[in-house]
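The block underneath contains the structure these notes are about, expressed in structure tokens.
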Amino acid sequence: MSKSETESVDFVRQIITEDIANKKNGGAVVTRFPPEPNGYLHIGHAKSICLNFGIANDFDGVCHLRFDDTNPEKEDVEYVESIKEDVRWLGFDWGENQFFASDYFEQIYLWAIKMIEEGKAYVCDLTTEEVREYRAGWNKEGKDSPYRDRSVEENLDLFQRMKDGEFKDGEKSLRAKIDMSSPNMNLRDPAMYRIRHQHHHRTGDKWCIYPTYDWTHGQSDSLEKITHSICTLEFENHRPLYDWYIEALGIHHPQQIEFARLNLTHTVMSKRKLLELVQGNYVSGWDDPRMPTISGMRRRGYPAVAIREFCAHIGVTKFNGMTDLALLELYVRNNLNKTANRAMAILDPLKVVIENYDEGKSEMRKAVNNPEDESAGIREMPFSRELYIEREDFMEDPPKKFFRMAPGREVRLKNGFFLKCNDVIKDDDGKVVELRCTYDPETAGGKAPDGRKPSGTIHWVSAAHAIDAEVRVYNVLFEKEKADDVPEGVDWKETINPESLVVMKNAKLEPSLADAAPGACYQFERLGYFCVDNQDSSAGSLVFNRTASLRDNKKKK
Ligand code: ATP
Ligand code: MG
């Protein structure tokens with residue numbers, strides 16, 4: 001990856017530049033990307049990945065991949081594998097630096113004992129409900145737990161018995177002894193360990209007590225000698241606790257820096273909500289091309305470089321805001337415009353018979369593969385008596401501004417000839433099923449010798465040579481800009497756009513697409529960018545996904 005992709009200097013990079021100048025951490029830069037393996041990564045994670053790996057790249061540091069797997073209930077190896085695949089696909093490499101918070105369970109446990117010994121932690125018998133009550137609210141002081149002053153011996157004994165499985169879930173917890181009247185709720189004796197008789201995807205049944213996120217995260221950072229622990233803004237209030245634990249233990253102190261998370265219009269982003277979409281079969285899976293997941297975007301045909309450039313462009317700030325989905329799509333289009341070969345495809349075919357073209361005859365027409373890239377060369381497309389055109393490109397009774405096919409009109413077939421519609425054939429229901437046309441063989445170069453102008457240019461494929469395909473046309477999953485902003489009593493999932501997926505089962509493609517490889521992207525002339533589906537497509541039965549329309553259509557409405 002080139003440094004220019006991530007060149008912009010944001011406030012995080014400014015802090016790091018100063019730290020290096022001041023020889024803090026001996027000038028080293030070690031960041032980490034710490035996903036919880038409880039779902040697939042989404043475009044918000046991509047922002048964090050690009051930031052953390054990008055910084056390591058820019059400052060000749062390293063970035064660790066650490067699975068923050070402290071919550072055994074929701075975590076799974078499937079997620080671990082998908083996360084690795086997605087980070088790699090985005091173009092980043094953690095080398096040997098793959099870690100799991102669960103690798104530190106032993107050390108974190110020993111540190112908990114040290115905290116107890118130093119009178120900085122105690123075993124509490126209050127229920128979750130009671131803890132909440134004792135904590136009180138933002139504007140009200142909390143109350144000390146009646147178990148707060150247990151002796152070190154008693155705490156050590158109870159903690160050992162918690163670990164040995166003597167108590168039921170929720171019966172006891174280990175809490176840090178900080179300050180029940182702190183204005184920062186996170187410092188009101190936060191939980192360090194909770195009892196969970198749960199199988200863990202890596203440590204199996206070894207533990208029935210699990211450390212909380214706050215009691216694990218900073219200590220894991222410290223163990224890995226992270227220099228800059230970059231997280232999203234909602235952790236700003238946790239920083240005093242992060243610092244408190246590190247100071248209490250007297251260990252290497254990474255600096256926590258917060259930035260604003262990415263929010264996109266028309267998109268829900270929380271993993272909990274994405275899981276709901278998957279489990280409720282609102283989408284076909286985590287990698288459904290409508291999902292804002294990295295795997296969904298990959299399947300949809302988004303190039304990794306487009307996602308990286310988008311992330312570099314939006315940068316990082318301290319203010320939460322909403323980014324327009326159209327901006328991401330712009331980066332996708334700009335990239336594909338340069339790299340995707342052009343092809344002709346008809347999504348909703350209407351048959352054309354050219355009455356003055358001999359039956360059984362055909363000829364090859366030349367077509368430019370990519371006007372943006374001469375090296376992509378040219379290809380040949382068969383032309384014959386029967387063609388398919390897009391049903392949309394014909395109107396029997398066209399309004400003034402319709403410049404395509406209509407009775408009596410002449411249009412230009414892209415890379416073909418001028419074609420004139422003489423007759424319209426309908427079925428018993430009055431549906432147009434065929435156009436009878438004539439072509440002008442003198443217009444092979446795209447111009448008529450007499451200088452006459454056709455009303456427009458349309459695309460086509462030769463019926464006899466066309467290959468069949470299914471084309472899945474995707475639209476936004478949520479039409480509302482703020483996707484999950486629904487009135488009370490309304491389930492946000494019920495607002496899913498019913499046209500978020502439109503399947504075109506009878507698409508007809510030019511024959512050069514017969515052996516298009518899974519994942520390959522094309523610009524279907526006049527229609528948009530499409531890629532071969534990486535799951536459901538096979539040589540004999542092609543499936544294409546619409547990656548993006550040719551331009552942002554929103555303003556047209
Ligand atoms: P979600 O809220 O979507 O469930 P999360 O924060 O719980 O996500 P983690 O697996 O804990 O997910 O996130 C890993 C890293 O990615 C964290 O450092 C987190 O701050 C960052 N991250 C998550 N969502 C976003 C986002 N929308 N924008 C930027 N960074 C994000
Ligand atoms: Mg999280």
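One is the number of the first residue; the rest follow in order along the sequence. Each ligand, and each atom within it, is numbered from 1 in the order the structure gives.
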Six-ring centre of Phe259, Lys318 cation under 6.0 angstrom, axis tolerance 45°: no
Per-atom contacts, ligand 1 versus Phe33 - under 4.0 Å to a heavy atom: 14 (C), 15 (C), 16 (O)
Asn38 N/O under 3.5 Å from ligand 1 N/O: no
Flag if over 12 foreign heavy atoms under 6.0 Å of NZ, Lys480: yes
Interfacing atoms of ligand 1 (cut-off 4.0 Å, heavy-atom, Pro35): 10 (O), 14 (C)
Interfacing atoms of ligand 1 (cut-off 4.0 Å, heavy-atom, Ser270): 3 (O)
Element-labelled atoms of ligand 1 that are located less than 4.0 Å from some non-hydrogen atom of Lys271: 1 (P), 3 (O), 4 (O), 8 (O), 9 (P), 10 (O), 12 (O)
Donor-acceptor contact below 3.5 Å, side chain Arg32 vs main chain His64: no
Closest candidate by heavy atom, reference atom 6 (O) of ligand 1, pool His217, Arg261, Lys273: Arg261
Atoms in ligand 1 with a heavy atom of Pro34 nearer than 4.0 Å: 14 (C), 18 (O)
Glu499 CD: over 12 foreign heavy atoms closer than 6.0 Å: no
cation_pi(Arg194, Tyr210) dist<6.0 Å, angle<=45: no
Atom indices of ligand 1 within 4.0 angstrom of Met269 heavy atoms, with elements: 3 (O)
Geometric N/O contact Leu262 with ligand 1, under 3.5 angstrom: yes
Side-chain H-bond candidate by donor/acceptor type, Asp214 with Thr212, under 3.5 Å: no
Option of least heavy-atom distance to atom 22 (N) of ligand 1 (set: Glu258, His42, His45): His45
Pair Tyr104, Glu224: side-chain N/O donor-acceptor within cut-off below 3.5 Å: yes
Any donor-acceptor N or O pair under 3.5 Å, side chains Tyr40, Glu78: yes
Close approach, Phe235 and ligand 1, non-hydrogen under 4.0 angstrom: no
